[in-house]
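Numbering of ligands and ligand atoms starts at 1, following listing order. Here the structure is a predicted model, which means the values were calculated and not measured. Excluded from the calculations below are hydrogen atoms, water molecules and symmetry mates; all remaining heavy atoms, backbone and side chain alike, are included. By convention here, the first residue in the shown sequence is residue 1.
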Amino acid sequence: MTNKYMYFIANWKMYGSISSINSLNKVIKFSKSKEINKGRLIYCPPYTLISSFSKKFQNCQIGLGGQNCHESETDGPYTGFINARMLKNAGAQFVIIGHSENRANGENDKLINLKIKNSINSKLKVIFCIGETLSEKRKKKTKSILSKQIKIGLNKIKNKSNIFIAYEPVWAIGTGIIPKSKDLYETVNYIKSKFKGKPPRVLYGGSVNPNNIKNLKEVSNIDGFLIGGASQNANKFIDIVKKTYS
Ligand code: 13P
């Protein structure tokens, strides 16, 4: 049982349509109930749904975020992209930066650093994803990879109060496998130890579901979860939150 203030962030990835908006009614109702008085729900749908979600969430406390953005702070000739300012303008308060699915598509730590800086300048809160691959884990490089991702990703960013770290081991995403509790505790502690003063909130992501949440919530230094697949189903998402507090 946890009594901590926790964040539950739904990353819908490239899923969802206008009709998915109806599935939010249940979650909105739940967000207003006493069962969630110690936590915050945040949805990161595809860009195409940000404005509609923003209208839908008008009278509730559910947060809204984008899943990425272009690194340019100003508008420009970048076909197919949107920047942090546009996300903010569409109603988002958060943005996910550095997700491993985008790192796998060529985003490097320097680019991620630029995106984080511009997102902060655009007054968005950043969910900064870090994590090692399976081969890096096998080579016992987890700590050095995380350290490098944090160092370059947050280079020259003085005020880190609007940054959340999402530790997402690449090998745990979409695989049904989660880290051992002891390893996870140690890694989250390591991440927090990289910061002087008050450490940022550190969330865990990778195959979080209603069955394994019982184990994950026992990892006492975690401040919330970044949830992919299970978050697309309102019942499962609610179940995860309920089980965290039960
Ligand atoms: P899954 O929960 O589907 O493993 O995805 C995790 C993730 O990538 C969240 O950003």
Quick check for you: to the nearest 0.5 Å, what is the distance between K13 atom NZ and S231 atom OG?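 One gets 8.5 Å once the value is rounded to the nearest 0.5 Å.
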Would you say S207 touches ligand 1, if touching means a heavy atom closer than 4.0 Å? yes
Within the supplied structure, the quantity of interest is the number of heavy atoms (other residues, nucleotides, ligands) at a distance under 6.0 Å from K192 NZ; does it exceed 12?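 Count over threshold, so yes.
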In terms of heavy-atom contacts, does NZ of K4 have more than 12 from other residues, nucleotides or ligands at under 6.0 Å?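 It does: K4 NZ has more than 12 such atoms within range.
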Is there at least one pair of N or O atoms, one from [X] and one from ligand 1, spaced under 3.5 Å apart?
{"X": "G174", "answer": "yes"}
{"X": "G228", "answer": "yes"}
{"X": "G206", "answer": "no"}

Within the 4.0 Å heavy-atom shell around L226, which atoms of ligand 1 are there? 9 (C), 10 (O)
Among all the protein's non-hydrogen atoms, which is closest to [atom], and how far away is it?
{"atom": "atom 9 (C) of ligand 1", "value": "E168 OE2, 2.9 Å"}
{"atom": "atom 5 (O) of ligand 1", "value": "K13 NZ, 3.2 Å"}
{"atom": "atom 3 (O) of ligand 1", "value": "G229 N, 2.8 Å"}

Qualifying residue for ring pair (Phe, Tyr, Trp, His ring centres under 6.0 Å) with F237, from W12, Y43, F30: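 Considering W12, Y43, F30, a ring pair (Phe, Tyr, Trp, His ring centres under 6.0 Å) with F237 is found only for Y43.
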Y185 versus E218, side-chain donor and acceptor atoms under 3.5 Å: no
Ligand 1-proximal atoms of N11, by part, heavy-atom distance under 4.0 Å: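 Looking at N11 and ligand 1, just side chain atoms fall under 4.0 Å.
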What do you reckon, are the aromatic ring centroids of F164 and F128 less than 6.0 Å apart? no
side-chain contact (heavy atoms from CB on, under 4.5 Å), paired with I112, selected from L114, I116, N108: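 Result for side-chain contact (heavy atoms from CB on, under 4.5 Å) with I112: I116.
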